[in-house]
Structures are given as C-alpha cells and as structure tokens.
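All residue numbers refer to positions in the sequence shown, counting from 1. Hydrogens, waters and symmetry mates play no part in the numbers below; they use all other heavy atoms, side chains included.
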Amino acid sequence: MKRIIWMLIVNIVHVPRVLYQLLVRAAHPERYSVEDRYAVIHEIAERGIKGGRVDIISSGVENLPQEGGYILYPNHQGLFDVMVLIYLHQKPVTAVLKKELVNIPLLKQIIICLEALALDRSDARQGMKVVQQVAEDVKQGKKYIIFAEGTRSRNGNQLLDFKGGSFKSATKAKCPIVPVALVDSYKPFDTGSLERVTVQAHFLDPIPYEEYKDMKTTEIAAMVKARIGAKIEECENA
C-alpha cells in the first residue's frame, strides 16, 4: 500500500487527467476502441512503475506470436504481476481475475476497460462459461493472462501447483501457450517496503498447439510449471 501511495504522489500532476480518461472510458467502453482503452491502462502501469522505485528486467518479449490470439501463463506472486505484464505487453492483453476484485474502486474501471473476465472459483458452471468465453475470444485474436496457480503463492519465488483446468481454454482454442517466469514480483506491493526493488519477467518460448495437443491438461500444467520453475532457478543462481 505504501508504494501505491508513493506512485500516486510522484505522478500527482498526471493523476487528474489519467483518472478522468479511465473513468470516462469505463463508463462508456463502447465508444472507445480496445487499443484506446488499453493505451490508458498501459500508461497507468508505465507511470506507476517508473515512479514507484521499481526496476524491470525482461526477456523474450520479441518471441511473442505476432499473429492471432494466445494465452500467457505466468506464475502468480502478488498484486504487481498484472501491472508488470501490461507494462511489457504493447498490444492489448486482458486477464481472467477472481470475482472478488470486480467491485474494488478504480480496479473495477480498469477491469471494464480491459474487458477482463471475473471467475467465481466456487461456481463450477460459471467457471466453464469463462473457459469457453476465453477460448472463443482467443480464436478471434485476443490475448489473455491466466494464473494457473489460481492464487498468489505468498512464498516468494516458490511455485504452487499449476491447475490443469487453467489450460482448458488453451486446448479448446488450440492456441499457443506462453509461459512467463516472474521473479521477485511480490516485492513492490506485498512487502510493505518503499526500497527500490528489481522485478524480472521472462516470456519463455511459446508452446504451439501441436506440441501439447495429445497431452492431458494436468500434463500441460506440469510442463509449464517445470519450465517456469527452471527459469526462476536460473535467475536466482545467476
């Protein structure tokens, strides 16, 4: 919370303008293109990171598929994860988020502008609808972020099990899976510190449908977790 307040203070000159742009677009999203709405969210992420005493080390952005939809599968460390992914992802990308976030002021407006989907983890039927919606959207070229762990690890760079069900949308869409290794992404918002921190985000080689089409979703989950885990270990030992 301290760093979020600091981000606002550092960007106080820009806050009224950006806040107005966000609220207007969230109130009437149909009047603005996806690209226009994403540009506002991207600016929020960029200004927040640059003013928030956070340094970003990244790799692999150039390997993202240039055409069509795909799904990013990052490990989930904290509240900063989506912010850094939006900052690094120049094209519009959205996310599947837990429904508890939908009614938080300002975050609600960001969710509307991103056309993010809310997942009720206690409702299996609603969950299947989200799976199908993501698959249909990706077939139409949209890009999604899905956290396969289902919740923040709350244990630094240690990974939780990746849930097989998180990969059902990918198998239905027959799209590339892009593992993303986040390192120290919990530090900006989840430690209560204002010290300068460095976060790493590594976009690993996309996994084409042909590579995983004959695998069970639990096997896909294990494969993606293993690749992310190996990259995190490499970064920690560098």
Looking at side-chain heavy atoms only, is the closest gap between Leu85 and Leu182 below 4.5 Å?
-> yes
Can you confirm whether more than 12 heavy atoms, excluding those of [X], are under 6.0 Å from its [atom1] atom?
X      : atom1 : result
Glu195 : CD    : no
Arg125 : CZ    : no
Glu100 : CD    : yes
Lys91  : NZ    : yes
Glu30  : CD    : yes
Tyr20  : OH    : no

Testing the basics here: between [X] and [Y], what is the closest heavy-atom pair and its distance to 0.1 Å?
X      : Y      : answer
Tyr212 : Ile177 : CE2-CD1, 3.7 Å
Val197 : Lys187 : CG1-CB, 4.0 Å
Thr217 : Gly164 : CB-O, 3.1 Å
Phe167 : Phe162 : CZ-CD2, 4.3 Å
Ser185 : Val199 : CA-CG1, 3.8 Å
Ile41  : Cys113 : CD1-CB, 4.1 Å

Hey, what do you get for [atom1] ([X]) to [atom2] ([Y]), rounding to the nearest 0.5 Å?
X      : Y      : atom1 : atom2 : result
Asn75  : Lys231 : CG    : NZ    : 12.5 Å
Asp120 : Lys99  : CG    : NZ    : 3.5 Å
Leu19  : Asn11  : CG    : CG    : 12.5 Å
Met83  : Phe189 : CE    : CZ    : 5.0 Å
His89  : Thr94  : NE2   : OG1   : 11.0 Å
Glu211 : Ile220 : CD    : CD1   : 10.0 Å

Would a distance-only check, ignoring hydrogens and angles, find a side-chain to backbone donor-acceptor pair under 3.5 Å from Arg121 to Lys98?
-> no
Out of Arg17, Gln21, Gln109, which residue meets the side chain to side chain contact (heavy atoms under 4.5 Å, CB included) rule with Val40?
-> Gln21
Path from [X] to [Y] over hydrophobic side-chain contacts below 4.5 Å:
X      : Y      : answer
Tyr73  : Leu119 : yes
Val183 : Val84  : no
Ile228 : Val61  : no

Evaluate the side chain to side chain contact (heavy atoms under 4.5 Å, CB included) criterion for residues Val93 and Tyr38: first the C-alpha distance (whole Å), next the side-chain angles of each, then the deciding distance (0.1 Å), finally the verdict.
-> CA-CA 8 Å; Val93 65; Tyr38 188 73; 3.4 Å; yes
Quick note, side chain to side chain donor-acceptor pair (under 3.5 Å) partners involving residues 149-160, not counting sequence neighbours, are Gln77-Asn157, Arg152-Asp190, Asn157-Asp184, Asn157-Glu236
Kindly determine whether Leu107 and Leu97 satisfy side chain to side chain contact (heavy atoms under 4.5 Å, CB included), including the steps that lead there.
-> CA-CA 11 Å; Leu107 187 55; Leu97 304 169; 5.7 Å; no
Intermediate values then yes/no, side chain to side chain contact (heavy atoms under 4.5 Å, CB included), Gln90 and His42 | CA-CA 8 Å; Gln90 297 301 315; His42 191 274; 3.6 Å; yes
Side chains of residues 134-147: which donor-acceptor partners sit under 3.5 Å, not counting sequence neighbours?
| unit_1 | atom_1 | unit_2 | atom_2 | d |
| --- | --- | --- | --- | --- |
| Glu136 | OE2 | Gln132 | NE2 | 3.0 |
| Asp137 | OD1 | Gln133 | NE2 | 2.9 |
| Asp137 | OD2 | Gln133 | NE2 | 3.4 |
| Asp137 | OD2 | Tyr144 | OH | 2.6 |
| Lys142 | NZ | Glu115 | OE1 | 3.2 |
| Lys143 | NZ | Gly68 | O | 3.3 |
| Lys143 | NZ | Gly141 | O | 3.1 |

Apply side chain to side chain contact (heavy atoms under 4.5 Å, CB included) to Ile104 and Leu106, showing your working.
-> CA-CA 6 Å; Ile104 297 176; Leu106 296 186; over 6 Å; no
